Amino acid sequence: MAEILTDSDADLDLAAGTLRAGALVAIPTETVYGLAANAFCEAAVRQIFAVKSRPFIDPLIVHVHSLEQAGTLADISHPFVKRLAEAFWPGPLTLVLPKKKIVPDLVTAGHPTVAIRMPAHPVARKILQRADLPLAAPSANQFGYVSPTTAQHVQDSLGDRLRYIVDGGRCDCGVESAIVLVGDNPVLLRPGVISRERLEACLGVPVALGKGLMETAADKGMLAPGLLKKHYSPRTRVELFEGVPAEENAAGTAVVWQRRPADPGAGTLSKNVFWLSEDGDQTTVARNIFEFLRRLDGMGFSKIYIERSPDGGIGTAVNDRLSRAAAKL
Ligand code: AMP
Ligand code: MG
């Protein structure tokens, strides 16, 4: 099992020193927990792929402590970079930018662009500052499984393959960052809690919805069919519903509502009924979704039946993850 580190100065120094020495450390961010390595060190980055069983064609996001540091990795001259960074950094927004030579091809899966984010989580920021290295960090879980939002989730998934996990509490956002391909015609490659609507308001131009790199690769036949369509998936089968579930009372089926359903009488809601929030608030739903998937996955249900979020805003990010969790291979 991995050793759980705290946010004490001594533990943060240990985490930063471990990263500087070319080893992996799982770190908290405001989106999900990340499996971090020195982005400049190919051997360290290679370990990320090995530990996660992640295919090399899936590029990593590099985490930085400042816009200036981003400028050492990528061309940040497009005016939208400064505008987005001023509005949303530090925070759950990743920018895809033309890469500089210094970034290993392994990090970008051979692409001429690199994905960069400045996280807001205070512990992530301290580690980035102490290590003073850009950190490549995908979610700290087995490739394809549900992303971790607590240190214990990381321990459950990868504890036997890791030395250290830094505990920074529960992740505030609960889903991965929004990813924007920066250019005159920006493209949202992955929805997150920073919604397309907010990005458009910031930039004053339309932000197209685009396919992520892996979906594009799947379309081109570079991947086994559905490999990335199916992602964020518990072992238990997931199905989605809108309105009324078809089999609310089927034994063995967990029914998960967006908001607390009306209780027909004191405590008579059945044991297989759950809700992602009290009132349908999508910030709360996003924060809870992966934790619910993990918890329900361990409860022996034969099916997890989940109500879709309303589309738009953060709901779009939740539905993106839900539809991938529900996708069949
Ligand atoms: P994660 O696995 O949550 O760390 O997210 C990594 C994802 O970021 C990848 O699966 C891609 O969808 C996206 N990404 C990373 N680098 C690039 C890039 N250079 N161009 C486009 N998308 C990227
Ligand atoms: Mg991931």
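Whatever order the structure lists ligands and atoms in, that order sets their numbers, starting from 1. As the structure is a prediction and not an experimental result, all values here were calculated from the model.
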(request) Pull out every atom of ligand 1 sitting under 4.0 Å from any heavy atom of Ile179, numbered as shown with elements. (result) 7 (C), 8 (O), 13 (C)

(request) Examine distances only and state if a side-chain atom of Gln47 and a backbone atom of Ala23 form a donor-acceptor pair shorter than 3.5 Å. (result) no

(request) Pull out every atom of ligand 1 sitting under 4.0 Å from any heavy atom of Arg190, numbered as shown with elements. (result) 1 (P), 3 (O), 5 (O)

(message) I'd like to check whether Thr113 has a polar contact with ligand 1, where a contact means an N/O of the residue lying under 3.5 Å from an N/O of the ligand.
(response) yes

(message) So if I apply the salt bridge (Lys or Arg N to Asp or Glu O under 4.0 Å) rule between Glu30 and each of Arg117, Arg170, Arg125, Arg287, which one comes out positive?
(response) Arg117

(message) Using heavy atoms and a 4.0 Å limit, tell me yes or no: is Asp58 in contact with ligand 1?
(response) yes

(message) Counting C-beta onward and ignoring hydrogens, is there a side-chain heavy-atom pair between Leu35 and Arg161 closer than 4.5 Å?
(response) no

(request) Report yes or no: does Lys52 contribute a side-chain atom to a donor-acceptor pair with the main-chain N or O of Leu158 at less than 3.5 Å? (result) no

(message) Suppose I only count heavy atoms of Ala115 and a 4.0 Å limit; which atoms of ligand 1 are within that range?
(response) 15 (C), 16 (N), 17 (C)

(request) Check ligand 1 against Pro138 and write out every atom of the ligand that is under 4.0 Å from a heavy-atom position of the residue. (result) 4 (O)

(request) State whether Phe49 and Arg46 meet the cation-pi test: NZ (Lys) or CZ (Arg) under 6.0 Å from the six-membered ring centroid, and within 45° of the perpendicular axis. (result) no

(request) Please name the residue in the list Asp75, Leu95, Thr113 that meets the side chain to side chain contact (heavy atoms under 4.5 Å, CB included) test with Val182. (result) Leu95

(request) Measure the CZ-CG distance between Arg20 and Asp132 for me, rounded to the nearest 0.5 Å. (result) 6.5 Å

(message) Check for me whether Pro59 has a heavy atom closer than 4.0 Å to any atom of ligand 1.
(response) yes

(request) Check each of His231, Glu176, Arg54 against atom 6 (C) of ligand 1 and report the one with the nearest heavy atom. (result) Arg54

(request) Using 2.8 Å as a strict upper limit, say whether an N, O or S atom of Ser139 approaches the Mg ion (ligand 2) that closely. (result) yes

(message) With heavy-atom distances below 4.0 Å as the criterion, list the atoms of ligand 1 near Leu189.
(response) 21 (C), 22 (N)

